[in-house]
Protein chains: 2
Amino acid sequence: MEKNDRISPAVIRRLPKYYRYLGELNKVGVNKTSSRELSDMTGFSASQIRQDLNNFGGFGQQGFGYDVGNLRNEIGKILGLDKKYKIIIVGAGNIGQAIANYTGFYEADYEVVALFDKNPKLIGLSIRNALIMDSDDLEEFLKKEHIDIAVICTPKSVSQQVAEQLVRCGIRAIWNFAPKDLKMPEDVYVENVHLNESLFSLTYYYNKMKKESK
Amino acid sequence: MEKNDRISPAVIRRLPKYYRYLGELNKVGVNKTSSRELSDMTGFSASQIRQDLNNFGGFGQQGFGYDVGNLRNEIGKILGLDKKYKIIIVGAGNIGQAIANYTGFYEADYEVVALFDKNPKLIGLSIRNALIMDSDDLEEFLKKEHIDIAVICTPKSVSQQVAEQLVRCGIRAIWNFAPKDLKMPEDVYVENVHLNESLFSLTYYYNKMKKESK
DNA sequence: AAATAATAGAGAAATTTTTCACAATATTTA
DNA sequence: TAAATATTGTGAAAAATTTCTCTATTATTT
């Protein structure tokens with residue numbers, strides 16, 4: 001599908017945004033759009049949007065624009081949103097539970113299959129059809145079930161060790177919420193959500209703005 | 001403090017990571033480091049680290065390296081972590097509660113002062129000393145209390161309207177967890193945590209890896 | 001004390017990313 | 001039907017970011 005094997009991460013980060021806005025257009029019955037219109041919605045430049053899309057081939061028509069449904073589909077295929085994914089969450093504390101309850105993934109076919117925790121008070125409870133299981137049963141579980149994505153919501157002190165266990169059991173995609181960088185083999189992809197780093201950046205810009213407005 | 005007024009966002013995003021690793025070195029009693037060592041820890045190139053730090057002035061000593069405690073302090077000052085910040089959370093659902101309970105901010109002085117929600121079952125409860133209050137009392141609350149940062153954890157359907165209300169009441173920094181881009185005046189800084197976009201990117205790289213390993 | 005090794009700082013080069021500019025093509029209007 | 005308008009795709013230019021290279025400086029070793 002790709003024209004080019006190596007697509008810049010910056011491009012990949014923008015695709016989900018295009019996908020979301022195309023979904024919104026779709027919902028309100030708009031079935032034609034343009035890089036100009038997408039630019040107004042997303043804040044990215046029209047030229048950048050065209051360049052981004054052209055990494056994957058020409059989805060538009062010169063002189064006309066883009067078909068909303070088609071373009072959304074194509075971006076979905078590029079991202080892999082046309083497939084199903086099974087997820088487990090390791091660490092059923094606040095963040096783990098919040099992820100399990102999160103409904104913002106509805107646009108695609110992700111299923112949280114189970115959560116794992118050491119806390120006996122949590123084991124046995126269910127969140128939206130997903131059972132919270134004993135962490136000790138994690139390896140056995142992974143031997144039986146094919147899981148695509150593991151979410152790490154444990155304390156940072158055990159995150160590395162949990163990640164290694166997951167990788168030993170065949171996991172190749174990790175969504176890491178622990179505020180620590182995981183040292184992983186090359187064939188494991190880790191997507192970090194480092195909330196403290198996000199808050200620290202926010203803090204920088206908040207202070208910068210305050211200084212400038214004085 | 002800054003040599004240069006306009007620092008690239010990419011640099012700012014790396015600073016929290018330097019700060020975290022310097023904290024770790026500090027904790028284990030290491031008080032001297034080098035761009036080389038920081039490179040090994042963070043994965044950024046030594047040269048990039050030196051360039052980054054030089055945006056703000058020379059914190060190291062040629063031939064010697066960097067003083068861990070001093071450098072950490074300086075980065076902390078750049079980010080503004082030497083000050084106190086009061087936070088409110090709007091939307092006390094799963095994510096709002098998770099943020100209120102999150103202890104990963106311990107490195108700095110953030111205080112969650114209150115949460116706001118419409119749900120009568122939640123109003124009156126407390127999370128770590130922060131009371132969940134009625135959303136209807138938000139404006140009055142903000143008139144009385146000085147709040148630095150507002151966290152939006154509402155459904156996306158009301159996120160824009162909530163943001164506008166916050167801005168009317170003087171809020172200038174928003175940490176947005178709703179999967180929607182907020183249209184805000186220039187003097188309001190919005191830091192987005194778009195979990196679905198993060199998961200979609202992860203999905204792309206997961207599929208890419210699978211293809212390549214075949 | 002001199003030589004060696006390690007390291008930051010900084011300008012320059014290389015690379016990457018974004019924007020520009022325009023030809024090609026489709027639609028709409030006169 | 002012809003002219004005007006809108007829009008993509010794309011190569012080139014511009015801008016931004018990262019890496020390279022070297023000098024100056026410090027600490028360590030001989």
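Each chain gets a letter, A, B and so on, in the order the sequences are listed, and its residues count up from 1. On a predicted model such as this, the values are computed, not experimentally measured, just so you know.
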_Given C/dG9, D/dG11, D/dG9, the nucleotide with the shortest approach to the side chain of B/N54_ = C/dG9
*Any Lys/Arg nitrogen of A/E164 or A/K183 sitting under 4.0 Å from an Asp/Glu carboxylate oxygen of the other?*
no
*Phosphate OP1/OP2 of C/dT18: any A/Q48 side-chain N/O under 4.0 Å*: yes
*May I ask you to check whether over 12 heavy atoms, not counting those of A/K156, lie within 6.0 Å of atom NZ?*
yes
*asked:* Counting only heavy atoms and a strict 4.0 angstrom limit, can you tell me which residues of residues 8-20 of chain B come near DNA chain D?
replied: B/S8, B/R14
*Length of the line joining A/R50:CZ and C/dA21:P, which is rounded to integer Å*: 12 Å
*What is the distance, rounded to the nearest whole Å, between atom CG of A/N55 and atom C1' of D/dG9?*
12 Å
_Any salt bridge linking B/R13 with B/E191? Criterion: basic side-chain nitrogen under 4.0 Å from a carboxylate oxygen._
yes
*Taking atom C1' of D/dG9 as reference, at what distance in whole Å does atom CZ of A/F59 sit?*
13 Å
*asked:* Strictly below 4.0 Å, N to O, side chains only: are A/D181 and B/R20 in salt-bridge contact?
replied: yes
_Check whether B/Y66 forms a cation-pi arrangement with B/K32 (NZ or CZ under 6.0 Å from the six-membered ring centre, at most 45° off the ring normal)._
no
*Please report, rounded to the nearest Å, how far the P atom of C/dA8 is from the CG atom of B/L53.*
9 Å
*Check: A/Y189 ring centroid to B/Y206 ring centroid under 6.0 Å*: no
*Taking only heavy atoms on the protein side, list every residue of residues 21-47 of chain A lying under 4.0 Å from any atom of DNA chain D, sorted numerically.*
A/S34, A/S35
*Starting at CZ of B/F56 and ending at P of C/dA8, how long is that distance when rounded to a whole Å?*
17 Å
*Taking 4.0 angstrom as the limit, do B/K77 and B/D82 come out as a salt bridge?*
no
*asked:* Would you say that A/S39 contacts A/F44 through its side chain, given a criterion of any heavy-atom pair below 4.5 Å between the two side chains?
replied: no
*Determine, for B/D52 against B/R14, whether the closest basic-nitrogen to carboxylate-oxygen distance falls under 4.0 angstrom.*
yes
_Euclidean distance, atom CD1 of residue A/I49 to atom P of D/dT10 [Å, nearest integer]_ = 17 Å
*Write down the distance between CG (A/D52) and P (D/dT10), rounded to a whole number of angstrom.*
14 Å
*asked:* Counting only heavy atoms and a strict 4.0 angstrom limit, can you tell me which residues of residues 61-69 of chain A come near DNA chain C?
replied: A/Q61, A/Q62, A/G63, A/F64
*Output yes when B/R172 and B/D187 qualify as a salt bridge under the 4.0 Å nitrogen-oxygen rule, no when they do not.*
yes
_Are there over 12 heavy-atom neighbours, none belonging to A/K210, within less than 6.0 Å of that residue's NZ?_
yes
*Round to the nearest Å and state the distance from A/L71 atom CG to D/dT7 atom C1'.*
14 Å
